[in-house]
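This report refers to the structure that appears directly beneath it.
Just so you know, these numbers use all the heavy atoms, side chains as well, and skip hydrogens, waters and symmetry mates. In each ligand, atom 1 is the first atom listed, and ligand 1 is the first ligand listed.
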Amino acid sequence: MRCVVLGGGGHARVVIDAIQASGEATTVAILDADRSRWGTELQGVPITGGDDQLAAVLASGVTHFVVGIGSVRDTGPRRRLFERASACGLTALLVRHPSAVSSPWARMGGGSVLLANAVVNAGATVGENVIVNTGAIVEHDCLIGDHVHIATGARLASGVRVGMGAHVGAGAVVRQQIVIGEEAVVGAGAVVVRDVAPRTVVVGVPARPLEIWAGRSIG
Ligand SMILES: CC(C)(COP(=O)(O)OP(=O)(O)OC[C@H]1O[C@@H](n2cnc3c(N)ncnc32)[C@H](O)[C@@H]1OP(=O)(O)O)[C@@H](O)C(=O)NCCC(=O)NCCS
């Protein structure tokens, strides 16, 4: 399988590494909106141009793509790239680093990326274009919407539901059965013990909306 990676920054390094380690596809090119990167390479893969090259890449025999840009809050750019590449007729590649564990009883959507030491347990459903980042844990029966980012080292206990496009920050812990709304953001290190409304940002232990924390000593 020949694939293209969309985005040539830091997250792409880890994605390409995982693809190479898995041996399931060959990354033949990277497309990146940043012109200063064109003509350079990342871990042996050439950055050949911008997203306007998608049709040409498809015509050259590349069949698959994966989004290689990360996110620290807003997952929108990742969603838009995914939709653009899908509309061009490319197929979203499921990437699993060989050290990641995904149960045969879990379901994983196309374009999702399980990085080193990530775990997705039995009965979990992970949508399309989801990042389960390095060392993150998605426990049994969780339901993860499309384009979500479960950041490095975050841990979701059983039965957690995460709405489309949400971001669960690095090292966050989410109690079992919690619902995190669409495009919500859980700050790094938060401990979530109550449901999170769509498009809100929560931080802290226990997690509370960011505006409640503002002006207070978070300690
Ligand atoms: C929650 C978050 C989105 C807020 O970002 P922001 O809106 O730019 O917030 P700011 O950095 O301006 O901070 C605003 C206030 O919230 C506090 N704050 C920010 N993030 C916090 C967090 N994760 N936990 C506790 N407090 C936090 C700040 O200390 C600041 O408090 P103050 O007003 O008393 O000084 C961001 O800090 C965060 O945690 N993002 C997740 C990053 C991540 O997961 N990265 C890994 C990618 S693999």
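- Aromatic ring pairs are classed by plane angle as parallel below 30°, tilted from 30° to 60° and perpendicular above 60°; the pair Phe82 and His147 is perpendicular.
- Within a 6.0 Å radius of CZ in Arg199, more than 12 heavy atoms belonging to other residues, nucleotides or ligands are found.
- Taking distance alone, with nitrogen or oxygen atoms compared against 3.5 Å, Ala170 approaches ligand 1 more closely than that limit.
- With atom 41 (C) of ligand 1 as the reference point, the heavy atom nearest to it among Val72, Thr152, Val202, Asn133 is part of Val72.
- Applying side-chain contact (heavy atoms from CB on, under 4.5 Å) to Arg78 and the options Val67, Asp146, Leu6 leaves one that passes, Val67.
- Under the 4.5 Å side-chain criterion, counting only non-hydrogen atoms from C-beta, Val202 is not in contact with Arg194.
- When all heavy atoms of Ser112 and Leu94 are compared, the pair lying nearest together is O-CD1, 3.4 Å.
- Taking every heavy atom of Gly187 and a limit of under 4.0 angstrom, the matching atoms of ligand 1 come to 1 (C), 23 (N), 39 (O).
- The N/O atoms of Leu210, backbone and side chain alike, include none that comes under 3.5 Å of an N/O atom in ligand 1.
- Using a 4.0 Å cutoff on heavy atoms, His11 does not count as a contact of ligand 1.
- Checking only distances, Arg73 does come within under 3.5 Å of ligand 1, N or O to N or O.
- One distance of note links OG of Ser102 with CZ of Arg107; it measures 13.5 Å at 0.5 Å rounding.
- For ligand 1, the atoms closer than 4.0 angstrom to any heavy atom of Gly169 are 44 (O).
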